Amino acid sequence: MASIVDILAQRFERALVTVYGPELKGADPMLRRSDHADFQSNAPLSLKKRTGDNPRDAAAKIIAALDVADLCERVEMSGPGFLNLHLKGSFIAETTAVQASDERLGIALASTPETVVVDYSSPNIAKELHAGHLRSTIIGDALARVLEQVGNKVIRQNHLGDWGTPFGMLIEHYLDLGEQVGDTAIGDLNEFYRAARAKFDTAPAFAERARKRVVLLQGGDEATLQFWKRLVDESKRSFRAVYDKLGITMKDSDAAGESFFNPRLEGIVKELTDKGLAVESEGAICVFPPGFKGKEGNPVPLIIRKQDGGYGYATTDLAAIKYRLLELGATRILYVVGAPQAQHLTMIYKAAEMAGWLKPPARAQHVAFGSVLGEDGKMLKSRAGDSVTLMELLDEGEERALAVVREKASERASAGEEAVAEGDLQSVAHAVAISAIKYADFSADRVKDYVFSWSRMLATIGNTGPYLQYAHARTRSILRKAEAAGYTPGTITITAPEEKALALALGSFGAVVHDVAASLEPHRMCTYLYELASTFSSFWNACPVLKAEPAERASRLALVELTAKVLERALGLLGIEAPARM
RNA sequence: GCGCCCGUAGCUCAGCUGGAUAGAGCAUCGGACUUCGAAUCCGAGGGUCGUAGGUUCGAAUCCUUCCGGGCGCGCCA
């Protein structure tokens, strides 16, 4: 489906080729929304080097060659050489009608779909998901949805911390508890981990058992593996509960953690050694990707086998990147991991290139993000000082959202207006809480830290998740009333400025989705959503729908219906629900 | 010491990869409900874009200096 910009861009390309010859084919006409017109083209300025003309001359020539009589009311030159385009209402109406009849709402499919691996969330077994996992989990999930929407094959990968020396003590502690809890529940995972750790640090006999247990685990002892698996399953149940509540699309089958790669580590070391990329250094085997200098100017190593013969995270990361490229066939790998790991990841990519696994067009990208801070400006912690679990966070959010939703509902009910039913309050509060948390996280640039603030994110006014949901709920309210009255959407006509603004905002949805897919920046979707929602609110204020004349009513209903769908879809791509009432 | 990230209105942030007078939200002030959800809308005030240079028709955006904040740099992940 061709959007307004697509169609205009084609006409510009033709005009540019007419004036300046075929070498201008494919040149960017720099079409942007404008304060001075509906759209503007900066091509005469931006292409100055290629046209050789001064911008105002170029603008005049382009206008002369531009065949847009069917699309624009007028095109005028302005300032140093801008081209201001004033679109015909009929042109806007037609493209909007096409978008409205499109299942994909104007989101084009990628011309070259890729296999994209998205590595996100990645919690540790026997610990609960906590605030530190929030950003990776929700950003990764949103990007996975967006990349999928534009037609890529997306493979989610949960790089679980499910192997290694801590499992000795965890299994022994698990066995100690066996009598009390049976084999069904560990209970509080964090408490479980803490207790195991405490025993390990204070009881030498226990520590000794733990060490022996690690050996058994590494050696593949059947009974030990069974215990290990129970721990893993128990933890996955806990992750599942959080993912479900947060609306995360990661499935159990997407798990490919350290245990999955463990059998491959020896081979990785051998391969890199055989290729001459890994060398012995201070008793360890290391890869030294060029260009990384440490404290005394020494090269920084990726330690792929430790002095004691064990393997660390670098080896697992290398095994994982090889697997993703060679076995999963990824051409794009996203690491949704905190910003501090930037150097480590670049070293992994470099090593993977040297090994011949990572080569164009395949590429790996670090989707870096900053920290979630508490009101004190430090990492988010609970009163007790440990990191707050995601479940606690979500529960608190729902509680706070419920208070807001309940209050609004009772206000409306006492005013005799349609309100959320008592039985639906919980589910609406849930949707509001999740939207508040996610939208607050997404709405600013990923790489920056942000302060977690309930009052800000849950505010019913301003640029918040709840505001967007409210805008959507209002669209649904009109549509319900229209349906009850037997009114149906019809031919779109654009006359009022608010109709035009709304249609133009709707029309850029597809481009925004692709922009997010390319830039991996969810905040661009938020900027768009807020603009769309506020444009709709202005439309609402200025353009009566149900009380308009039949033709106008049908047209406006079509705009409202499309707005509802776009809001819902855009929120959905961020993993945010759009309730019909709130 | 080396390297990476950040610095835009009182506060929280955008700014579409170099384009027109730097835009929003919150807060403040002033308007709009006997029209579909006022959780809304309309309007006002408020910024030497950390600093000093440079590149050019044109810089918040690109290059360099310095200042301030965060983070990383060998056996944790």
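Scope of the values below: all heavy atoms of this structure, side chains included, with no hydrogens, waters or symmetry mates. Because the structure is predicted, anything quoted here is derived from the model rather than measured. Every chain is numbered from 1 and lettered A, B, ... according to where its sequence line falls, protein lines coming before strand lines.
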Original post:
NA contact type, T527(A), heavy-atom cut-off 4.0 Å: base, sugar-phosphate, or nothing?
Top reply: sugar-phosphate

(Q) Distance check, C1' atoms only: G7(B) and C71(B), in whole angstrom units. (A) 15 Å

Output yes when a side-chain donor or acceptor of T464(A) lies under 3.5 Å from a complementary backbone atom of Y467(A), and no otherwise.
yes

Margin query: I'd like to know if R446(A) and E521(A) make a salt bridge, using a cut-off of under 4.0 Å between side-chain N and carboxylate O.
Written below: no

- Task: Looking at every strand, decide which applies to Q469(A) at a 4.0 Å heavy-atom threshold: base, sugar-phosphate, or nothing.
- Result: nothing

RNA chain B in dot-bracket form (Watson-Crick or G-U pairs under 3.5 Å, [ ] crossing, | inter-strand) is (((((.(..((((.....[...)))).(((((.......))))).....(.(((..]....))).)).)))))....

Worksheet item: Charged N to carboxylate O under 4.0 angstrom, E552(A) versus K547(A)?
Response: no

Q.
Could you check whether atom CD of E296(A) has more than 12 heavy atoms from other residues, nucleotides or ligands sitting under 6.0 Å from it?
A. no

Assert: residue with more 5' nearest nucleotide on RNA chain B, out of P55(A) and E417(A), is E417(A)

Is the ring pair W228(A)/F167(A) parallel, tilted or perpendicular, if the boundaries are 30 and 60 degrees? perpendicular

At less than 4.0 Å, is any side-chain N or O atom of K481(A) found next to OP1 or OP2 of G37(B)? Yes or no. yes

Please state whether the phosphate of U12(B), meaning OP1 or OP2, lies under 4.0 angstrom from any side-chain nitrogen or oxygen of K448(A). no

Say whether N262(A) and Y311(A), considering side chains only, have a donor N or O and an acceptor N or O under 3.5 Å apart.
-> no

Query - Crowding at CD, E417(A) (>12 non-hydrogen neighbours, <6.0 Å) - result: yes

So, with a heavy-atom separation below 4.0 Å from RNA chain B, the residues of residues 539-554 of chain A are W540(A), N541(A), C543(A), P544(A), V545(A), L546(A), K547(A)

Less than 4.0 Å between a side-chain N and a carboxylate O, is that true for D201(A) and R197(A)?
yes

5' to 3', nucleotides 20-29 of chain B under a 4.0 Å protein heavy-atom cut-off (B base, S sugar-phosphate only, - none) gives BB--SSSS--

Under 3.5 Å, is there any donor-acceptor pair linking the side chain of S46(A) to the base of G18(B)?
no

Check your understanding: Is any side-chain nitrogen or oxygen of H523(A) closer than 4.0 Å to OP1 or OP2 of G15(B)?
Key -> yes

Salt bridge or not between D53(A) and K61(A)? Use side-chain N to carboxylate O under 4.0 Å. yes

Closest to the 5' end of RNA chain B, once A342(A) and V428(A) are matched to their nearest nucleotides, is A342(A)

*Is there a donor and acceptor pair, one atom on the side chain of Y313(A) and one on the base of A77(B), closer than 3.5 Å?*
yes

